Amino acid sequence: MNLEKLSALSDDALLTLADKLGLMVPADLERSFLIEALLEALEEDSEEREGALDSSERIEETKYSGSGTDFLETSLDPGWCSDNRYNDTMIRLLVRDTSWAFAFWDVNDEERAQLRAGETGTAFQGYFLRVMEENGRESSRSADHFDIPVGESDLQWYINLPRPDSRYRIDLCCRIGGKARVLARSNVVQTPRGSLAEDSSFMDGKTVELLALSGFGELDINPAEDRHPSRILSGAEVEE
Amino acid sequence: MRMDRGYLALVLNAHLPFVRRPDYPRFLEERWLFEALSETYLPLLRVLRNLEADGVPFRLTLVLSPTLTAMLADEVLRERYVAWLDRQIELAEKEKERTAGDPQFEPLAALYADLYTSDRDDFTILYGRDVLSGFDYFYKKGRLEIMTSAATHAFLPLYRDVPEAVAAQVETAMISHRRHFGKVASGFWLPQLGWYPGMEEVLKAYSVRYTLVATRGALLGKPVPKYGSYTPVSCPNGLSVFVRDARATDAVWSEYTGYPADPVYRDFYRDIGFDLPLDYVSPWLEDGTRSFTGFKYWAVTGRTEEKNPYDPAAASAKAVEHARKFLDGRGDQIRKAAAYMDRPPLVVCPYDAELLGHGWFEGPQWLESLFRLAKDRPGLRFVSLGEYLKLHPENPASMPEFSSWGSGGFAGVWLDGSNDWIYRHSYKMLDRMMELAERFPNETGLKERVLNQASRETLLVMCSDWALLIRAGKAGAFARRQVEDAVSNFQRIYEMLCANTVGTEWITRLEKRNNLFPGINYRMFRRKRS
């Protein structure tokens, strides 16, 4: 079916698709070769996507049976939503896992233009994100922070956070005349724990055995840091 | 009186996202519901009826998500399902003719003729098109415990900073459950088992008594749960949290070693919609594009394109064997865990309901065999989650950690480079919905209808299935359009309300299309004041 769909596309649309799939093709490549290359790339992409899914996702996917050629459709028409903005100055932070968070932000066009124009004697030197670890007291700022420079056209970023089980906030900032100015402040997020909440060496031996029987060893969970990891990992093994 | 050595709790999560397009004569994605009805929900009810007729004791916990419940109760979809069944029966007859005289394939064509005819009889005659009444019968008898789930299957940890959003998902679900089943749901299934500390407060506020979390979330809990995953834990506010069992999960879900991967079972992917000439199958394809028809004649065989013909008798025997193996495995777990416990261990086995039957064709037979075989296993008792809490109301204190059952154990499936753009829109919609609820707290008539529709669109955009499908690629374009539709519908409503002009015709059309949650009240989005 992909062959039929591709054959119906204009040369320009084929080249756009090739670009989206990361194919380097000479502009004068014969149409039939281009379609062949695209089919191959689409197949590879589909395999990669399949490979990225775990068993439960693949099983869940069976609920949604369809033609399976949607990537082509998505590539040809990425939709209007993915680039849409709301033209307000804001930043929001979402936790993904123990060490990654996703930030999305925006700066109002008028404010953006004013910043770019600069104030008398000051020069706009770009935007950056200031990532701060919160120490639990509201509105207090920890000295522990780092900055990530971002481009004017950037509107989102995945941020590697230093520690699990910690609270973070991000300020969307710009630098003007060497000074940092906060444009928007995110919500505070908490990264999840990546290891046991207690020292296993002080746990009841029965609990240690039950954790092992619960499949602790296969869950890729760290025992509490620097605390006798072998104590948990060598617990009773269960054979099916 | 028998002594219970251990408990098994099977939990089936029946859920599909809301897809209903009466503005199209036929709509491809509505098939998701029809296929699940034919291969999972109706066969599951047949299993329960068989067990009841034979006096086999069974206890099962079933999640019926609010979007699925809304679709099962919808007249348009019920009508369309009957029409779809008629087409399937017609194809089955045609297949019987095509395969006539073929000892391997004619019986398979007959198998599908029987399946769809039974489905039609059950749906139209036995249940009068109301499948929910079939589940309600066992619910009222106490054999089946029905849980509800978030209104539109939102992955709640990604909305934890907007308590109004999480509360709206829970409140709408609880109202939907009471509307359809006449009682308050005791159990609440967290979509994708997405839990975060703080969730217990929201659930408790709506009188929920229990929920479930992934093994990882429980083991990372604080304090570490005394009995691991073998009992529920109790949050500081008293909410009970059951724990998914990792090994029971693997036995069924694992792609390569799970039961559904056995070579003799029916292969899901090989379908006559792809195998037979297009002009033959095209009347049964929604838009003439090759797709699944539901007629599958081949066995899993292995990781090869050369499949063996499907042998239903061998597959049935295997389902019984796997049921026995499953009980052996859980029995072994219980025996080992019991050595370290002062009460009978509990093994909680939650699965997607649609895996049984639709994904794994022999799943309902496996389920039926589990209950039949367990009858002769002294000490092993199937319980529903609520029943367990009656037997053991006191459980170790612990607060589970943020977690899910998705790959990686946290939010990675629903927040990655392919689907992260959704959240800019859903958060903006939530923000504006709360603004509208504050600005118009006492509206009636048309304006109230408009605000209620805005609430529906806000809930719909939060659906985690769209993020999953966009990530997976399959049906990704459809999923993206569902998000875009909700965003665009909401924007139009917001602009209408800001301009104080309402397009009556348009809003009526939208209400008729996205008609879920008839009793919705937009005021649930008013800002929570601490």
Side-chain angles (χ1 to χ4, degrees), chain A residues 1 45-46 49 53-71 73-74 77 79-82 84 86 92 94-98 102 104 156 187 189-190 192-198 203-204 206-207 209-211 213-216 218-221 236 238-240, chain B residues 16 28 32 35-36 158 161 215-216 219-224 226-230 246-247 251 253-255 268 289-292 329 333 336-337 340 352 354-355 358-359 401-402 405 407-408 410-413 415 420-421 423-425 427-428 469 472-478 480 483-484 487:
Chain A
M1 192 59 208
D45 182 85
S46 169
R49 279 166 183 267
L53 303 179
D54 72 1
S55 302
S56 57
E57 290 168 66
R58 249 188 291 269
I59 287 170
E60 186 148 352
E61 224 195 18
T62 60
K63 290 203 296 197
Y64 310 109
S65 51
S67 65
T69 55
D70 258 350
F71 177 71
E73 208 181 320
T74 314
D77 172 19
W80 58 270
C81 244
S82 52
N84 204 40
Y86 292 93
R92 183 166 283 281
L94 301 176
V95 173
R96 190 182 140 101
D97 52 37
T98 51
F102 173 66
F104 60 92
Q156 61 184 52
N187 51 313
V189 298
Q190 166 102 30
R193 259 190 302 285
S195 52
L196 287 179
E198 293 164 46
M203 276 184 215
D204 183 333
K206 290 179 178 175
T207 296
E209 295 300 334
L210 286 166
L211 288 181
L213 286 167
S214 300
F216 178 86
E218 293 96 70
L219 285 171
D220 195 26
I221 298 176
V238 180
E239 293 95 34
E240 268 273 45
Chain B
L16 283 171
L28 174 68
W32 297 344
E35 289 173 5
L158 288 175
D161 290 316
T215 324
R216 174 189 303 276
L219 301 193
L220 288 175
K222 194 172 185 177
V224 171
K226 180 182 172 188
Y227 298 121
S229 63
Y230 291 96
R247 295 176 197 282
W253 281 90
S254 174
E255 190 181 10
F268 174 82
T289 307
R290 281 203 180 277
S291 185
F292 293 100
Q333 261 181 277
K336 285 178 177 165
Y340 304 106
D352 261 7
E354 295 79 11
L355 167 68
H358 183 52
E401 182 55 297
F402 163 37
W405 73 358
S407 174
F410 298 102
V413 172
L415 179 65
D420 52 23
W421 56 270
Y423 300 97
R424 182 183 298 277
H425 301 290
Y427 269 92
K428 177 52 81 177
L469 290 174
K474 292 227 173 99
F478 172 75
R480 192 203 67 215
V483 176
E484 287 175 350
V487 173

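Order of the sequence lines sets the chain letters (A, B, ...), proteins ahead of strands, with each chain counted from 1. None of the values given here were measured: they were computed from a predicted structure.
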Answer whether the closest heavy-atom distance between the side chains of B:D420 and A:Q156 falls below 4.5 Å.
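Counting from C-beta outward, B:D420 and A:Q156 do come under 4.5 Å.
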
Are B:R480 and B:W421 packed together at the side-chain level, in the sense that at least one heavy-atom pair is separated by less than 4.5 angstrom?
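Yes - at least one pair of side-chain heavy atoms lies under 4.5 Å apart.
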
Identify which part of [X] has an atom lying under 4.5 Å from any heavy atom of chain A, answering side chain, backbone, both or neither.
X	value
B:A337	both
B:K226	both
B:F268	side chain
B:Y427	side chain

Between chain A and each of B:A246, B:A36, B:S229, count heavy-atom pairs under 4.5 Å; write down the option with the most.
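Max contact count across the listed options: B:S229.
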
Trace of the side-chain contact (heavy atoms from CB on, under 4.5 Å) decision for A:E218 with B:R247
CA-CA 10 Å; A:E218 293 96 70; B:R247 295 176 197 282; 3.3 Å; yes

Separation of A:L213 CG from B:Y230 OH (nearest 0.5 Å):
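Output value for this atom pair is 5.0 Å.
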
As an exercise, state the distance from CZ of B:R216 to CZ of B:F402, rounded to the nearest 0.5 Å.
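Atom-to-atom, B:R216:CZ and B:F402:CZ are 11.0 Å apart.
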
Classify the ring geometry between A:F104 and A:F102 as parallel (under 30°), tilted (30 to 60°) or perpendicular (over 60°).
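Tilted, since the angle between the ring planes falls between 30° and 60°.
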
Name the region of [X], side chain, backbone, both or neither, that has any atom closer than 4.5 Å to a heavy atom of chain B.
X	value
A:R92	side chain
A:N187	side chain
A:V189	side chain

